[in-house]
Every structure is written in C-alpha cells, then in structure tokens.
Amino acid sequence: MIPSLLSGLNPEQRAAVTLPEQSALILAGAGSGKTRVLTTRIAWLISSGQASPQNILAVTFTNKAAKEMLTRLSAMLPPSTMLRTGINTRGMWIGTFHGLCNRMLRAHHREANLPQTFQILDSADQLSAIKRLMKAMNVDDEKYPPREVQFFISGNKEEGLRASEVEAFDPYTRRKVEIFAEYDAQCQREGVVDFAELLLRCYELLSRNQQLREHYQARFKHILVDEFQDTNKLQYQWLKLLAGVAENRKRLPLPNPLPGGEGATVSLRDDFSTSALFAVGDDDQSIYAFRGANVGNMQELLRDFHVQNVIKLEQNYRSHGNILNAANALIQHNRSRLGKNLWTAEHQGEALRVYEAPTDTEEARFIVEEVRQLNREGVRLSGMAVLYRSNAQSRVLEHALVSAGVSYRVYGGLRFFERQEIKHALAYLRLMQNTDDDNALLRIINFPTRGIGARSIEQLQESAKINSTTLWDAAARAGGKVAAFVGLVESMRSTCRELPLHPQGVGRGVPGASGSTLPLPEIMDHVLQHSGLIAHYQNETGAKQREAQERLENLNELINAATLFVHENEDDSLTAFLTHAALEAGEHQAGDSDDALHLMTVHAAKGLEFDAVFITGLEEGLFPHQNSKMTDGGLDEERRLMYVAITRARRRLYLTFAQSRMLHGQVDYSLVSSFLRELPDELLHWITPRIAARNPFTASFAPQRDAPVAAPVPRPASSSGWHAGQRVFHQKFGEGVVLDIKGGGADGQVQVNFKRAGTKWLALEYAKLEPL
DNA sequence: AAAAAACGCTTTTTT
DNA sequence: AGCGTTTTTT
C-alpha cells in the first residue's frame, strides 16, 4: 500500500514525502509536483500510521486549492482503507488561513469575545464601514482618504499590531491610529470582523488562552502549508504559535536550558516546536508582497524551526524546454533568490511566439484567430488561457471573443457574491441574524426605496449615538416608515426562524440549526420575495431593464447557490452560508462543464496550467505595471509575476503586445515590456518583424513621409513632424514614445513617455529628439 | 423623496 | 470609459 503511494515519485519528491517527523522546507519550483508532494505527504503520514487525520492541519491560500487537496486525498486513501481503519478526511483541518481561523473563532466565539453569528466584512464592506465611521468622527476624507485608512488598518493588523501598538510619531499618523481604534470598537459593537481581524483575533485567542492553545498544539502534530512564500507576518506568527514555537523571541526568550545542560540529547523538534511544520513554497513565485506577503518568512522559518531539511524540487513536469529556459533566463534578473533552476526531461518544443499589434483591438483579434486555429487543430478551448496583468484588459478580449463566437469564461473580476443585488439580498439575511450589523441595515433600510431618506437616517444615527445603541435599536423606537421597515425584517425573521442559537462544539461541524429553521433555499426565496427586491427589479423599465433582468437572474442564481450549498455542506445554517459568501466570493461559477477559453489575470493563474497560454499586454508600464516602479522591489515582484505567467504553459506560449491601447478612457502609447527583452533571442519566434532589427521608417505604423530618402536627421522645427505613438530617442532620457503634441512651430511641445525617465513635456526647440 | 444629470475620480494584483 | 457620489430637477 505504501509503495504504491510513493511509486512514480522522483527521488527528491520521495525524500520530501517520507521525511521524518521534523519541520522542513520544500522549495518547489513551478510544475515540480508541489501539490502532489503535499498531499502524498499527508497520505503517507496517515497510511503509515504515524499520524491520524485529527493530527493534520493543512493550510492553503485559496479555497480551490483546499478543495483540490481534499479531492486528491480521498483518491489516495482508498475507500477500503478508510473503512478498515476508520480513516476519512473529516478529522483533518484543511482550508485557507481565513477559513481555519473562522472555524476556530466560531467554535470558541465566547472566549474570543464574539457573537456566535458574527459576520465577515469583505473589503468593500470594510471600506464603507470606515467611511461611515469617519463621517461620525468628523474626519476630513480629503486629508484622510478612506482607502488609505483602510490600507493602514489592514496593513497593521497583518503585521500583528493593534491600534494601541502602532507607533505614531506625527499627528497625522496619530489621527489614523485613533480611527483605527474607533473602527475596531465599532466592529466589536456591531459583531463583525474583517479579513485581517479573523487572523488577528484567532491569534490572540490562542496566545491568551493557554488551555486552548495547548489543546490545538497537542492535536495538530503536523502542520502543512502550501504556497508558504505568500504568508504574511501575522500568518507566520499564527503558525508558530500553533506549532508551539515561542512566538516572540524578544519578549519570550527560548526555552530554559535543558535539564542535563548544553549537550543534552533531546530531539531538536521538541526543543523548538511541539509540531512539525512542513512548508512548501517557491520564492520565485512570491507575487503578493503588495498585500503584506513576506518572503523573508522562508528564512525565518529555517531559523525559528531549526529546519535541517531543505529539499529542492527542480524537475519540471509541465513545460517544454524552451518555455522553461525562457522562465529561467527571466528570473535570473532578480537579485536575492534562494536559487533554483528548473529543468525538464521533455524536448525543447517550439519557440515562443511573439506578436506585435498596432492596437489592443488588433492584439485581441490576433489572439482570437490563433485560439480558433488551435481549436481546429484539436486543442480544447479549456486547455488554453489568455492572461493579462489587470482586469481592465479583459474587455477588449471579451468583445473580440463574442463577435467571433468563441465561448470563454472570465475568472476573477466581478465576483458573484460581490454584485450589488446579491449584497443587498445578503444584507437582509445578515440583519435578520444579527441586528447589530449597522452596515447591513444602512445598505437596505431604503432599498428598495421605501421613503426613508437621508434625513430620517441621520436622525436614527443621532438617536443611536445619544443612547449608545445600534441603529436597529434606534429604529425599533422610531415610528412611521422606519417602524414598517423594522416590522418587515421582524416578520421575515420570524417566518424563517433562524432564532435558536445552536451551540457549536469544539472542532466539530455544526449540524443545521434544529428543525425549527426553514431550509436555506426557502429562506432565500422568502427574503427575496418579501423584501421587495424582486419586485423592484421587475418594475424597472427603459434603459435599465436589461440590467435589471440580469440582476433578477443573479438573484435566482443565489437561490441555486443556496441549494447547492445545502447539498454540499454538513453545516447548512444561515451563518455558514453567509460565511461562505464572504470567504469564497469567487468560487461560485455557473456552467463549469462547457469547454471554454480561460481569461484571467496572471495572479489568478497561479497554480494552473494550460497547453497554450497567451501573455498579453506586454508593454512597459502595464506589465511591468507603472506603480511597481515606485515601490522597493516592485519590479522584481513584477518579474516574478511574469515568471509565473510563463510557467503556466505546457507546450505553446504566445507573448503579445500593442503599440497603442485604450486605457482609462484614453489612448496610451507604450514601449514593449522590458521583460520581453530579457528573454534570449533564440527562444523567440517573431510573428511580426522583430523590433530591434526593424527600420522604423519602413514599418507599417511609422509616419508616412513623402520623401523618405531625404533628411536623415529630421529636425522638427517645422510643425508636427511628430505624432502620437511615435518612438523617439532623447540624448539624456533615452527611448520613449510620443504621447501628445501641443502647438506647432518653434514653441511647440511634445509629451514623451520615456522608458527610463517616465513621462515628460519637452520643448521641441531644445529637446533634440530623434525618431527611432 | 425619487429620478436625472452633472461631476469627478480612479484604474494592479486578492484571501 | 465606467463608476460612485453629489447636485439639480421633477
């Protein structure tokens, strides 16, 4: 049985899977069988009797990854085994950091000082809560942009800091700290937690409650972490705490000298942690530094856990040689890597195809053509992916795909549970369940409109403030239309009867709330009908009718989602569903079975693979993104992103870019991405003429001149010898592209986007621009 | 109070 | 360009 688990693994993979019960770091390159190693490790621990499912805690970054791990595990631990030894996957805890923390907080909500039915704020909810608070505090939102405050709060929480712990040396920061503190107080009053709070609260729960901490430390002897390079400081602290590592060396120096003195022979693991941490990651695929991921955790891990076992998985099973070589060549431009080079036993395969389009529309058209051609040649649509840096780029692609009749699916972007109509519907449910949720109340008190205007709402807020109660309590004391609203929610609540507060056991799934509750889909249906949401959209006419129709379909889909949820989950309570909606906003997708082309951002593509991949918009300023150049190490992160993109492809890879692109409502002209230039020439096959070898004056997009032979150095003293989109060279600033021209003649100016120096206005008279 | 129009702001990536 | 917010109109 065990041999069969290990068969087919290469020596390194096998070594990783069968490591002794110690902490380890597995440096797993793209396509090196990372997930396989992780799941096989778990299966091996269990089937060799070293651990029972209860001893396993596995952390992933996406719900999708968690699900896949579970699926693979059930396949690895055959049913017969499961029956004979009573093994199933139930005892394991597998999920995202947020999911696992949520689970712990629900189980110990009392100890964590939370209502059992606490709600989770997504980023948008959080932002509106902050805006509301700032208004109440009379904070100038010009001086303190709510987005920045949100970033400040979440950023600090992800560093493990509460407002009281943030160091503020200037008045500006001090004010933000005040808002931070007030915000937390407001969340506490309203019984809601944001994403970062889930983690921080769980961390604090474990660190303050010795009994609980020891319970979980004793239980989870094996902690396995996927995508370890993406963990932030707080997540790492959480892992250390759970694994029984002294969480803060500064305050809590390491374990007392061992009995027997320095040379005592006690196993290392017992010294530094109570559990074995098995971390799998790839520093080259760290692409979430922008939201606090700390690659440095890999180094810390080696130290804190005294890791002796570092195993590199460098054999790639996914891509052809040329693709890997390109990836390797690119990533070598990054400094401070742990060092790793992928290789493959596969043949070189074909060269990477490079295409330069005059416009983004043309780029899209080309891609669609190639997709169709490949499809005719037998490549399934679902085996191909079009990747882009930012979501905004999908529009043009979608347009081209629609007109060509190619079926496609966009991943990410506007998520199902983030649509307005869905959030409205969920807000009713949230309010019914937790009347303290002011966010939810404000969202729906006048939607659909029921004659409660800004004035009345202000009065409610006043009254709530004076009596220091929630808005709901204030509303309950009001009369007129507000009273009618309160009555409406009350009546919906009593019909659905989610009232009984069912106790939740430690670490156990919660069965649906006793028989007194209406089934979830019926609750949903009832609320949609009686809240007036359905009627509201049905009554929509004119220009908005189409949109309303779509919203109605989405609301209908919400009922389907609830039905599906009830079927798939043991805990089918309303709370569980609302949690699902907040934590897995992107999971719900209809029509999974169709063969459709994949459209997604590069970020979203991590962990996936395709026969053919298109990396689009390879333009300086877009990919690498302009903003990345402002931040330290930003360009390196962009390069890792490109590395991720390249390594998604199995057999064929297209790299495309456009000279001009409609972005934010105006046409942008950019140079080709520097990443493209970092790839070795011999790996590239230019479908359009290669840039470096081309004479710009003969290229299709170059200015058409009447006398191309004359004037080798055109001094544009005369009117517009320049046009937007033209490539130029400047003595000091180097290469650039003309963006705009102001005036003609001697005092004319041109705006140029320089590759190195950014965008500048130059006087034509002095700037000796040369065409390129 | 609701709808329409004007304004202006952003717009990288996401659990 | 699209979206959310604010102002104006009905």
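Numbered from 1 within each chain, the chains take letters A, B, ... in sequence-line order.
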Close aromatic pair by centroid cut-off 6.0 Å: His333(A) and Phe675(A): no
Sugar-phosphate only, base, or nothing, as touched by Arg640(A) at under 4.0 Å among non-hydrogen atoms: nothing
Touch class at under 4.0 angstrom, heavy-atom based, for Asn391(A) against every strand present: sugar-phosphate
Toward the 5' end of DNA chain B, by each residue's nearest nucleotide, His603(A) or Ile452(A): Ile452(A)
Ring centre gap for His598(A) and Phe610(A) strictly below 6.0 Å: yes
Footprint string (nucleotides 2-10 of chain C, 5' to 3'): B base within contact, S backbone only, - free, heavy atoms under 4.0 Å: S--S-----
Canonical and wobble pairing (Watson-Crick, G-U, under 3.5 Å) of DNA chain B, dot-bracket with |: ||||||||||.....
Length of the line joining Lys481(A):NZ and dA2(B):C1', which is rounded to integer Å: 11 Å
Geometric cation-pi criterion Arg443(A) and Tyr428(A), 6.0 Å radius, 45° cone: no
Sugar-phosphate only, base, or nothing, as touched by Ser123(A) at under 4.0 Å among non-hydrogen atoms: base
Gln119(A) and Asp437(A): CA distance, side-chain angles, deciding distance, side chain to side chain donor-acceptor pair (under 3.5 Å) verdict: CA-CA 8 Å; Gln119(A) 303 295 323; Asp437(A) 192 337; 5.7 Å; no
With Leu121(A), the side chain to side chain contact (heavy atoms under 4.5 Å, CB included) member among Asn439(A), Ile130(A), Leu127(A), Leu198(A): Asn439(A)
Given dA2(B), dT11(B), dA1(B), the nucleotide with the shortest approach to the side chain of Ser456(A): dA1(B)
Touch class at under 4.0 angstrom, heavy-atom based, for Asp230(A) against every strand present: nothing
Nearest-angstrom distance from the residue atom CD of Glu398(A) to C1' of dA1(C): 15 Å
Minimum side-chain heavy-atom gap Asn232(A)-Phe97(A) below 4.5 Å: no
Between P of dA2(B) and CZ of Arg450(A), the distance in whole Å: 11 Å
Aromatic plane relationship, His424(A) with Phe447(A) - under 30° parallel, 30 to 60° tilted, over 60° perpendicular: parallel
Pairwise C1' distance for dT13(B) and dG4(C), with rounding to whole Å: 22 Å
Reported CG-to-CG distance for the pair Asp438(A) and Leu133(A), which is rounded to 0.5 angstrom: 11.0 Å
Sugar-phosphate only, base, or nothing, as touched by Phe61(A) at under 4.0 Å among non-hydrogen atoms: sugar-phosphate
With sequence neighbours excluded, residues passing side chain to side chain donor-acceptor pair (under 3.5 Å) with Ser154(A): Gln126(A)
